[in-house]
Visitor: 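Please see the structure below; I have some questions.
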Amino acid sequence: MLNGTRTLSRRRVLAGAAALGGLGAMRALGVPRVLSASDKANIAFIGIGNYGAANLRELAGENIVAVCDVDWRDRSQLSGKFTPAIEVAAKHPGAKRFDDWRVMLEQMDKNIDAVVVCTADHVHAHAALTAMKMGKHVYCEKPLASTVDEVRAMVAAARRYPKQATQTGIVGHASEDVRLIVEWIRAGAIGAVERIDVFQSDWSSGKRYINAYQDCEHIGDSVPVPEEVKWDLFVGPAPSRNYNPMYLPLRWRNWQDFGTGILGDHGPHFFDPVVWALELDYPETIEGDADADYSGKAAKEMFARVSHVNFRFPARGNRPAVAVKWWGYDTPPVPPGWKKEEPLPTGGGIVYGTKGVLVYGPVYSSVVGEKKQVWLLPEEVDRQFQRPSRTIPRPSSHWVEWIDAAKQGKQPSCNWEYGGHITELCLLGNIAIAHGGTTLRFDGKKQRFLNSESANAMFGRKYRKGWELPA
C-alpha cells in the first residue's frame, strides 16, 4: 500500500460487508453532509489514470481527499499515450492513496462527501452503489454499468436517495453542440426525423485498445504480475483469470468480463443527442450483426471487431417511428449534401429528416459555449433555418453541474436515470450483436425481450464470491 496507508485484510473487508448484508453495506444508509454553495466538497476518486485523470483535473478546485487505483506503473513501464496514475497522485500529495476502493471508503467515510468512479466498466456498479449506500454524491463514468441489471439497480438507488446528486460521464451532454442539436431538431430544422446513423469509425487513436481475436488463445498463459499492478483488485467481481498485458491498460474494453466494447464505450456519447432530442424510449425491435471472424471462442470472450445494430423505435405522439443504426468500427454512407472531398467525422451521428440532414461529430470533445461540430445539410437548409432561442440551460461544465447540484440539493441533467437509459440501450445492442441474425422483439413495459430467453439471460452476470452487487 502506498504512502503508508493501513492495509485492511480481504477477510476483514468481506466479513464486515457480509455482516451488513453484502459488499457496499459497510456503512449502509449513510446520510449526505449538507453542503453550502461556498463549501468545497471532499471528493474521493476511484481510478485516476487516463479518464480518471481528466475528471480529476476538472474537479481540482474542490478538496481531493483520497485517490485509488490498481495500476501504479510509471511512464517508463507503459507504452502508448496513457496518463499514469502515479503521476496524477503525485500532483495531489494531500490526498491519501489506496489500492482497494472498499478500504478507502471504509477508512475515509467521514471525510468524503462525493465519489468519482472511473474504473473498468465491470466495477462501476459495485463501487458506485457502495458509495451511494454510504451517503455520497456519485459521478460515474459511462457506460454507467456493464449489465442491464446493474444499470437498473443504479437507477433504483438514485431514486431511493434523491438528495444525493448523481451524474453519468457522458461529457458532451453539457456542450454547446449537443444542446444545439436538441434545440434544432425540436425546432424542426430538418423536419420529422425518421432515420439515424450513429457510428464510430476505425479511428487511429482507438487502435490502442483493440485486441486481435487470436489473443483469446493466451487467456491461460502464465505471465508474471508487475509489482505495481494489483491484479486481484482489478479483476474484482469478474471470474478469476491470469494477468496478461493484453488487458492493461485500457484494452480491457475488448473483453466481456471487463468492458462493454465500442458500443458501450462511445455509444453513450453518440446516442445522447438523439435520445434527448426525440425522447427515445425503448425500441420495439433490435437486430445485430458482426464481422465474419467473430465466432467460436472470440464470441464468448470478446466484443466484435466490426458490428452493426438496427434499433426500431415506435412512433410517439406526433413523432413518427425512428430507425436507428449503430455502425461499430465502420462508417455509414455519406449523406446528401456532404462535401465529397471532406471525410466524415471519426464518430457521431447522421440524422435524416423530411426537410434535410443534421450531422454531428465526436461530441465528447465538444465544449461548453462553442459550436464546434454540428452541420445542417444541404446548404440551403442551413441558410434558411431560423435559429431558435436557447431554451436549455448551459452549465459551466459537466463536472461543475454535478458538484453544484450536490451543493444545491438537486439532480444534474445527466443523472443516473437519464444516463442509465442510454447505457441500457447500448447494452441491449450488445445483446443483439451476440444474437446476430435474430430480430429481437422488446417489450418496453415489461422491459424484457419477448422472443429470446437467452437474450434476457444476458441482463445479469455471476459475480466472484465476496463481490456480490450491493443490494
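FYI, the numbering just counts along the sequence from 1. Treat the numbers as computed from the prediction; the structure is a model and nothing was measured.
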Visitor: Given the ring of Trp467, does Lys465 sit roughly above its face, with NZ or CZ under 6.0 Å from the centre of the six-membered ring and within 45° of the axis?
Guide: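 Not satisfied by the 6.0 Å and 45° rule.
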Visitor: For Ser366, is there any backbone N or O sitting under 3.5 Å from a side-chain donor or acceptor partner on Asp177?
Guide: no
Visitor: Does the side chain of Met108 reach to within under 4.5 Å of the side chain of Phe98, using non-hydrogen atoms?
Guide: yes
Visitor: What is the minimum heavy-atom distance between Trp416 and Val155, and which atoms define it?
Guide: O-CG2, 3.5 Å
Visitor: Under 4.0 Å between a Lys/Arg side-chain N and an Asp/Glu carboxylate O for Glu176 and Arg394?
Guide: yes
Visitor: Do Phe311 and Leu280 make a side-chain contact, defined as non-hydrogen atoms from C-beta onward lying under 4.5 Å apart?
Guide: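 No, too far: nothing below the 4.5 Å cut-off.
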Visitor: Side chains of Ser205 and Trp203: donor-acceptor distance under 3.5 Å anywhere?
Guide: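 There is such a pair (donor and acceptor under 3.5 Å, judged by atom type) between the side chains of Ser205 and Trp203.
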Visitor: Tyr243 and side-chain contact (heavy atoms from CB on, under 4.5 Å): which single residue from Asp221, Val229, Asp232 fits?
Guide: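 Going through the options one by one, the only one that passes is Val229.
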Visitor: Tell me which one of Cys426, Ser307, Pro143, Pro268 satisfies side-chain contact (heavy atoms from CB on, under 4.5 Å) with Leu263.
Guide: Cys426
Visitor: Would you say the side chains of Trp72 and Asp99 form a donor-acceptor pair under 3.5 Å?
Guide: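 Yes, because at least one side-chain N or O of Trp72 sits under 3.5 Å from a partner of the opposite role on Asp99.
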Visitor: With a 3.5 Å cut-off and no angle check, do the side chains of Ser454 and His435 form a donor-acceptor pair?
Guide: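 Per modelled atom types, Ser454 and His435 side chains form a pair under 3.5 Å.
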Visitor: Between Trp402 and Ala114, which heavy-atom pair has the shortest distance, and what is it?
Guide: CH2-CB, 3.6 Å
Visitor: Would you say the side-chain atoms of Gln200 pair up with the backbone N or O of Thr346, donor to acceptor, closer than 3.5 Å?
Guide: yes
Visitor: Which pair of non-hydrogen atoms, one from Ala145 and one from Ala125, has the smallest distance, and what is that distance?
Guide: CB-CB, 4.2 Å
Visitor: Judged by atom type as modelled, is there a donor-acceptor pair below 3.5 Å linking the side chain of Trp399 to the main-chain atoms of Gly169?
Guide: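 Here the side-chain-to-backbone pair does not exist.
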Visitor: With a 4.5 Å heavy-atom cut-off, do Glu150 and Leu427 have their side chains touching?
Guide: no
Visitor: When you look at NZ of Lys300, are more than 12 heavy atoms from neighbouring residues, nucleotides or ligands closer to it than 6.0 Å?
Guide: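 No.
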Visitor: Report the distance from atom CD1 of Ile431 to atom CZ of Phe449, rounding to the nearest 0.5 Å.
Guide: 5.0 Å
Visitor: Apply ring pair (Phe, Tyr, Trp, His ring centres under 6.0 Å) to Phe258 and Trp255, showing your working.
Guide: CA-CA 6 Å; Phe258 305 136; Trp255 301 88; 7.9 Å; no
Visitor: A side-chain contact here means heavy atoms from C-beta on lying under 4.5 Å apart; do Lys207 and Ile210 qualify?
Guide: yes
Visitor: Would you tell me whether Asp121 and Thr260 have side-chain atoms, one donor and one acceptor, within less than 3.5 Å of each other?
Guide: yes
Visitor: What heavy-atom pair brings Ala127 and Ile46 nearest, and what distance separates the two atoms?
Guide: CB-CD1, 4.0 Å
Visitor: Could you give me the CA-CA distance, side-chain angles and deciding distance for Phe82 and Leu250, then say whether side chain to side chain contact (heavy atoms under 4.5 Å, CB included) is met?
Guide: CA-CA 9 Å; Phe82 303 109; Leu250 278 185; 3.4 Å; yes
Visitor: Between Gln411 and Gln164, is a side chain to side chain contact (heavy atoms under 4.5 Å, CB included) present by the stated rule, with each step listed?
Guide: CA-CA 8 Å; Gln411 292 296 325; Gln164 293 164 230; 5.6 Å; no
Visitor: Salt-bridged, Glu87 to Arg73, with N to O below 4.0 Å?
Guide: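 The answer is no: the pair does not qualify as a salt bridge.
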Visitor: I need the Leu425 CG to Asn430 CG distance, nearest 0.5 Å.
Guide: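 So the CG of Leu425 and the CG of Asn430 are separated by 11.5 Å.
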Visitor: Is a side-chain donor-acceptor pair under 3.5 Å present for Glu301 with Gln256?
Guide: no
Visitor: Nearest 0.5 Å please: distance from the CD atom of Gln214 over to the NZ atom of Lys297.
Guide: 12.5 Å
Visitor: So, are Arg33 and Asp113 salt-bridged, with charged N and O less than 4.0 Å apart?
Guide: yes
Visitor: Where the side chain of Arg75 meets the backbone of Thr83, is there a donor-acceptor pair that is under 3.5 Å apart?
Guide: no
Visitor: Go through the steps for Glu141 and Val117 under the test side chain to side chain contact (heavy atoms under 4.5 Å, CB included), then give the verdict.
Guide: CA-CA 6 Å; Glu141 261 300 342; Val117 178; over 6 Å; no
Visitor: Contact between Ser146 and His124 at the side-chain level, heavy atoms closer than 4.5 Å - yes or no?
Guide: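 No - every pair of side-chain heavy atoms lies 4.5 Å or more apart.
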Visitor: Without hydrogens or angle criteria, can the side chains of Asp149 and Thr147 be said to hold a donor-acceptor pair below 3.5 Å?
Guide: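 Thr147 and Asp149 do not have a side-chain donor-acceptor pair below 3.5 Å.
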Visitor: Within the structure provided, determine whether Leu428 and Phe459 are in side-chain contact (heavy-atom separation under 4.5 Å).
Guide: yes
Visitor: Please confirm whether the backbone N or O of Lys142 pairs with a side-chain atom of Thr168, one donor and one acceptor, at under 3.5 Å?
Guide: no
Visitor: Indicate yes or no for a side-chain donor-acceptor contact from Glu468 to the backbone of Gly466 under 3.5 Å, with no hydrogens or angles considered.
Guide: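 Yes, Glu468 side chain to Gly466 backbone: donor-acceptor pair under 3.5 Å.
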Visitor: Inspect the surroundings of NZ in Lys91 and state if more than 12 heavy atoms from other residues, nucleotides or ligands are less than 6.0 Å away.
Guide: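 Counting other residues, nucleotides and ligands, NZ of Lys91 stays at 12 neighbours or fewer.
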Visitor: Examine the side chains of Tyr247 and Asp257 and answer whether a donor and an acceptor come within less than 3.5 Å of each other.
Guide: no
Visitor: Determine yes or no for a side-chain-to-main-chain donor-acceptor pair under 3.5 angstrom, with Asn42 supplying the side chain and Val65 the backbone.
Guide: no
Visitor: What class does the angle between the rings of His266 and Phe270 fall in, given that below 30° is parallel, 30 to 60° is tilted and above 60° is perpendicular?
Guide: perpendicular
Visitor: What distance do Asn242 atom CG and His218 atom NE2 have between them, rounded to the nearest 0.5 Å?
Guide: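 Those atoms lie 13.5 Å apart.
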Visitor: Only one of Asn211, Asp215, Asp265 forms a side chain to side chain donor-acceptor pair (under 3.5 Å) with Asn254, so which one is it?
Guide: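 For Asn254, the side chain to side chain donor-acceptor pair (under 3.5 Å) check succeeds only for Asn211.
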Visitor: When you look at Asn244 and Ile219, which way does the side chain to side chain contact (heavy atoms under 4.5 Å, CB included) test go after all the steps?
Guide: CA-CA 8 Å; Asn244 196 297; Ile219 290 175; over 6 Å; no
Visitor: More than 12 non-hydrogen atoms from neighbouring residues, nucleotides or ligands closer than 6.0 Å to NZ on Lys371, yes or no?
Guide: yes
Visitor: Below 4.5 Å, heavy atoms only, C-beta onward: do Phe45 and His92 meet side chain to side chain?
Guide: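 Heavy-atom side-chain distance check fails, nothing below 4.5 Å.
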Visitor: Backbone N or O of Asp100 within a donor-acceptor pair of the Lys230 side chain at under 3.5 Å?
Guide: no
Visitor: So, applying side chain to side chain donor-acceptor pair (under 3.5 Å) with Ser413, which one of His398, Gln167, Arg179 is it?
Guide: Arg179
Visitor: Identify the heavy atoms of Gln373 and Pro362 that sit nearest to each other, and give their distance.
Guide: NE2-O, 2.7 Å
Visitor: Tell me if a side-chain donor or acceptor on Asp202 pairs with a main-chain N or O of Tyr329 at a distance below 3.5 Å.
Guide: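 It does not hold such a pair.
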Visitor: Atom CG of Leu144 and atom OG1 of Thr423: how far apart are they, to the nearest 0.5 Å?
Guide: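 Interatomic distance, Leu144 CG to Thr423 OG1, rounded to 0.5 Å: 5.0 Å.
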Visitor: So does Ala299 get a backbone contact from the side chain of Tyr213, meaning a donor-acceptor N/O pair under 3.5 Å?
Guide: no
Visitor: How far apart are the closest heavy atoms of Glu62 and Asp39, and which atoms are they?
Guide: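 Scanning both residues, the minimum pair turns out to be OE1-O, 4.1 Å.
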Visitor: How many angstroms lie between atom CG of Leu440 and atom CD of Glu287, to the nearest 0.5 angstrom?
Guide: 8.0 Å
Visitor: Could you give me the CA-CA distance, side-chain angles and deciding distance for His122 and Tyr463, then say whether ring pair (Phe, Tyr, Trp, His ring centres under 6.0 Å) is met?
Guide: CA-CA 10 Å; His122 71 300; Tyr463 301 114; 9.8 Å; no
Visitor: Taking C-beta and beyond as the side chain, do Lys136 and Ile112 meet within less than 4.5 Å on heavy atoms?
Guide: yes
